[in-house]
Q: 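I'd like to ask you about the structure that follows.
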Amino acid sequence: MLDIAFIRENSALVKQGMLNKGEKDNSAVDKAIAKDEEWRNLVTKLDKLRADSNTKAKKIGELMGQGKKEDAQKIIKETSKSKEDIKNLEQEISTVREELDNLLYRIPNVPDESVPVGKTEENNEVFSTWGEPGKKDWRKPHWDIAAEKNWIDFDRGSKVTGAGFPFYLGKMAKLQRALINFFIDEASEAGYLEMQTPYFINENSARGTGQIPDKEDMMYEIQRDEFFLIPTGEVPVTNFRRDEILSESDLPTKYAAHTPCWRREAGSYGKDVRGLNRLHQFDKVELVNIVHPEESDQELEALRDHAESLLKKLNLPYRTLLMCTGDMGFTQTKKYDLEVWSPGQERWLEVSSCSNFGSFQARRMQLRFKDGSGKIEMLHTLNGSGLALPRVVAAILETYQTESGDVSVPDALQSYFKENVL
RNA sequence: GGAGAGAUGGCUGAGUGGUCGAAAGCGCUCCCCUGCUAAGGGAGUAUACCCCGAAAGGGGUAUCGAGGGUUCGAAUCCCUCUCUCUCCGCCA
């Protein structure tokens, strides 16, 4: 969420940002400002009442100590009315505060100036393209290759769990293991601390990274124990430092984690869900940066560079999109998507999304740092995939297939895979 | 899963109804003294919010795991929850 003080002082900017992100109604901004004023007035009133009541209570203590019971009794009688007032006021304040928070939760992060204004994915900018997107010609889509070689078993996955939960067999399982190791090693090299995380999260964590409110439908839920299955490693990794005050010397703090991700993906259909294009469970290496507010802009570029370097090393043609305001999401200030080329399908597949959240997540999580002068400020958070596995696997199968029907192993993976043909 | 104990500031740890946002020690910061390499003295050292102020700063409120209750007054009493530890059971 945004800081109400920031909203107060930059209401025009926040309103315009909302419109640019495609919200039709930005009245929440003015409503929040009014609600905040109301809240502050009530708090001032309550603080005064409590101050008065504290003074009296202290006096009573003194009188009791001196044995002047009757004098004390007199004051006790006076206080019973203000007690009532305090209770009512507290009730009113908590209602108003809740209304204010609900408004604040509905105001999205303000897009960075460098983000193109636009409504749909049509308005995303192609930031860069690398490699030559290959033609289909004799190439097959990855699901045909996987079926011929018996590498991925979608049917038994459906039997055992449901659609979108495939089994990976033999070399395909091994390929994913190699990719995970490759990605993690590259991240470690780049200064990320490798971690393994819980795969279930509680409600507070989901709120911290913004899955709640409004996006809980994307997650699987374990109702009995009040957990959600993580939709991305971002949630446990970023929440790792929730409610902490870091010292400036800890910055930047970078974490890399390989986790499975579970997404309900309600409403997806057709070619989008064919093969490995969209699954309910998939593996991903997630990168999270917690940085000084002044450094988040350059960190985003570094994060994007790192994610791109993985595709370069795998020699997979890709393009990077700078997402426009309307397609970038509620919590980001700026976002790049990396799309790998799928020659068997002749389409781009998103394999990474690198985002700067500014202080938006940090504020929800109370993730702060103390600078040299002792001042406490919100940190900035960023994250990006480095990378999501299934579509990379799809691109490898389709890009590295030979006309004879085999698939060779990318050079960068050979030391992990220890063979050069799948 | 069963039984018991506990949760206090950066850390250790006192505090069982009134002047306690909290003793003491450690750590840390600043200052002073001393001067021979280790010690002495002093001051400061949580977070959030509200009000006044241009600011420096001042005033106030809340927070002793979380939430609720009793009371004029709660770290202290009561209830619920969470977490930690010990023992038993189970188990990769």
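Below, chains carry the letters A, B, ... as their sequence lines are ordered, and counting in each starts from 1.
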Q: With the threshold set at under 4.0 Å for non-hydrogen atoms, list the residues of residues 198-207 of chain A touching RNA chain B in residue-number order.
A: none
Q: Given the C1' atoms of C85(B) and C77(B), what is the spacing between them in whole Å?
A: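 These two C1' atoms come out 25 Å apart once rounded.
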Q: Has R156(A) got its NZ or CZ under 6.0 Å from the middle of the six-membered ring of F167(A), at an angle within 45 degrees of the ring axis?
A: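 No, R156(A) does not sit over the ring of F167(A).
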Q: Can you tell me which stems involve RNA chain B, if a stem is defined as three or more consecutive Watson-Crick or G-U wobble pairs, both distances under 3.5 Å?
A: B:1-7 with B:82-88, B:10-12 with B:24-26, B:27-32 with B:40-45, B:46-52 with B:57-63, B:65-69 with B:77-81
Q: Taking U12(B) as the reference, what is the distance to G67(B) when you measure between their C1' atoms (whole Å, please)?
A: 29 Å
Q: Do the side chains of W262(A) and F282(A) get nearer than 4.5 Å, heavy atoms only?
A: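 Not in contact.
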Q: Thinking salt bridges, do R391(A) and E339(A) make one under a 4.0 Å N-O criterion?
A: no
Q: Between CZ of R241(A) and CZ of R368(A), what distance do you get to the nearest 0.5 Å?
A: 13.5 Å
Q: Return the set of residues passing ring-ring contact (aromatic ring centres under 6.0 Å, His included) with H258(A) (not counting sequence neighbours), or none when no residue passes.
A: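 Checked H258(A) against ring-ring contact (aromatic ring centres under 6.0 Å, His included); zero matches.
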Q: Does the pair D36(A)/R40(A) count as a salt bridge with the N-to-O cut at 4.0 Å?
A: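 Here D36(A) pairs with R40(A) in a salt bridge, since their nearest N and O are under 4.0 Å apart.
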Q: With P as the reference atom in both, quote the distance from U63(B) to A75(B) in angstrom, rounded to an integer.
A: 7 Å
Q: With rounding to whole Å, what would you report as the distance between C64(B) and U76(B) at their C1' atoms?
A: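 So the two C1' atoms sit 10 Å from each other.
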Q: Given side chains that start at C-beta, do those of L251(A) and V291(A) come closer than 4.5 Å, heavy atoms only?
A: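 Not touching, per the 4.5 Å side-chain cut-off.
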Q: Does a salt bridge link E62(A) with K58(A), judged by any charged N lying under 4.0 Å from a carboxylate O?
A: no
Q: For a quick check of understanding: with a heavy-atom distance under 4.0 Å over all strands, which category does I75(A) fall into, base, sugar-phosphate or nothing?
A: nothing
Q: Using ring-ring contact (aromatic ring centres under 6.0 Å, His included) as the criterion, list what pairs up with F165(A), not counting sequence neighbours.
A: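 In terms of ring-ring contact (aromatic ring centres under 6.0 Å, His included), with neighbours along the sequence ignored, F165(A) is linked to H280(A).
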Q: May I ask you to decide whether E148(A) forms a salt bridge with K140(A), counting only side-chain N to carboxylate O separations under 4.0 Å?
A: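 The answer is yes: the pair qualifies as a salt bridge.
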Q: Short of 4.0 Å, heavy atom to strand atom, which residues of residues 44-53 of chain A count as contacting RNA chain B?
A: T44(A), D47(A), R50(A), A51(A)
Q: Going 5' to 3' along RNA chain B, which are the first and last nucleotides with any atom under 4.0 Å from a heavy atom of chain A?
A: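 Nucleotide range in contact with chain A: G18(B) to G73(B).
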